[in-house]
> 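Could you have a look at this structure, given as structure tokens, before my questions?
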2 protein chains.
Amino acid sequence: MKFNELNPEMLERASGLLKTIAHPARLAIVSLLENGNRLSVSEIHRSLGMEQSVASRHLVILKDRGILSSEREGRNIYYYLKISGLGDMLGCLAGCCSG
Amino acid sequence: MKFNELNPEMLERASGLLKTIAHPARLAIVSLLENGNRLSVSEIHRSLGMEQSVASRHLVILKDRGILSSEREGRNIYYYLKISGLGDMLGCLAGCCSG
DNA sequence: AATATATATACAAATATGTTGATATCACAG
DNA sequence: CTGTGATATCAACATATTTGTATATATATT
């Protein structure tokens with residue numbers, strides 16, 4: 001599948017997706033939610049050692065742009081990956097970065 | 001390979017790579033250079049319908065950040081992908097965007 | 001040297017993104 | 001209704017990215 005043969009709209013969507021995850025914190029979040037993991041905001045911010053408000057802001061961004069979904073359970077809100085196939089992409093990315 | 005288990009430096013590198021290609025023009029360029037293609041600046045800017053200076057600027061950015069290499073042949077400068085495995089990543093990306 | 005072609009760069013304006021800390025909202029237990 | 005834990009938002013400021021246009025540099029040809 002080649003981007004250059006495709007319409008500008010497709011390029012925009014693809015670069016939008018990349019932009020969204022092209023942030024260390026968001027990359028870490030997405031990576032944490034691979035394999036169908038569902039985690040609350042607290043679990044995420046503690047696990048990654050970032051401020052609660054920072055984690056929340058990134059989670060909202062990821063959700064707004066269609067990468068995550070969330071569901072409330074009691075006082076917690078659980079986030080999870082909405083786009084299947086993102087895990088594969090991260091795999092390729094890790095490969096590109098190490099090799 | 002999981003990012004969250006890795007050092008911040010790795011996350012920085014990965015998000016840097018993503019940021020670099022997270023631009024419609026650069027995505028188109030990288031896509032054009034998949035499969036070992038070698039193209040001159042002229043060929044690229046004509047093929048993608050962008051100004052010469054715009055193409056050149058993006059090519060320099062991609063080269064500076066280690067994604068492309070270039071070689072002069074006569075008056076032309078040919079660019080090509082330096083990172084193998086980027087093609088695979090674009091494949092995943094296209095999958096994520098359509099599905 | 002003069003010209004033409006190919007590529008790169010400079011600069012300023014516009015736009016977007018990130019950061020921090022404080023504060024607001026929401027849900028539940030008692 | 002109050003207190004507490006969980007989550008989201010806001011404002012202000014700093015930084016970075018993009019764009020357009022013009023111009024500079026390099027190479028080759030004659």
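In what follows, chains are A, B, ... by sequence order, proteins preceding strands, each numbered from 1.
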> Compare the minimum distances between each of C:dA29, C:dA22, C:dA6 and the side chain of A:Ser53, then state the nucleotide with the smallest one.
C:dA22

> Hey, does the side chain of B:Ser56 come within less than 4.0 Å of C:dT7's phosphate (OP1/OP2), counting only N and O?
no

> Ignoring backbone atoms, establish whether B:His23 has a side-chain N or O less than 4.0 Å from OP1 or OP2 of D:dT19.
yes

> Rounded to the nearest 0.5 Å, what separates atom NE2 in B:His58 from atom NE2 in B:His23?
4.0 Å

> Is a donor-acceptor contact shorter than 3.5 angstrom present between the side chain of A:Arg26 and the base of C:dG18?
no

> Does C:dA8 have its OP1 or OP2 closer than 4.0 Å to a side-chain nitrogen or oxygen of B:Tyr79?
yes

> Of the nucleotides D:dA8, C:dT7, D:dT4, which has the atom closest to the A:Arg75 side chain?
D:dT4

> Return no unless some side-chain N or O of B:Asn76 is found under 4.0 Å from OP1 or OP2 of D:dT27.
no

> Do A:His45 and A:Val54 have side-chain heavy atoms sitting under 4.5 Å apart?
no

> Would you say the side chain of A:Gln52 and the base of D:dA6 hold a donor-acceptor pair, judged only by whether the two atoms sit under 3.5 Å apart?
no

> Give B:Arg72 one of three labels, base, sugar-phosphate or nothing, depending on what nucleic acid heavy atoms sit under 4.0 Å from its own.
sugar-phosphate

> Any side-chain N or O of A:Ser40 below 4.0 angstrom from OP1/OP2 of D:dA6?
no

> Strictly by modelled atom types, are B:Tyr79 and B:Glu71 linked by a side-chain donor-acceptor pair under 3.5 Å?
no

> Hey, are the side chains of A:Ser40 and A:Ile77 touching, using non-hydrogen atoms and a 4.5 Å cut-off?
no

> Check the distance between C:dA6's C1' and B:Met50's CE and give it to me in whole angstrom.
17 Å

> Between A:Ala22 and A:Glu51, which has a closest nucleotide on DNA chain C that is more 5'?
A:Ala22

> Which listed nucleotide (C:dT20, C:dA8, C:dA6) is nearest to the side chain of B:Ile77?
C:dA8

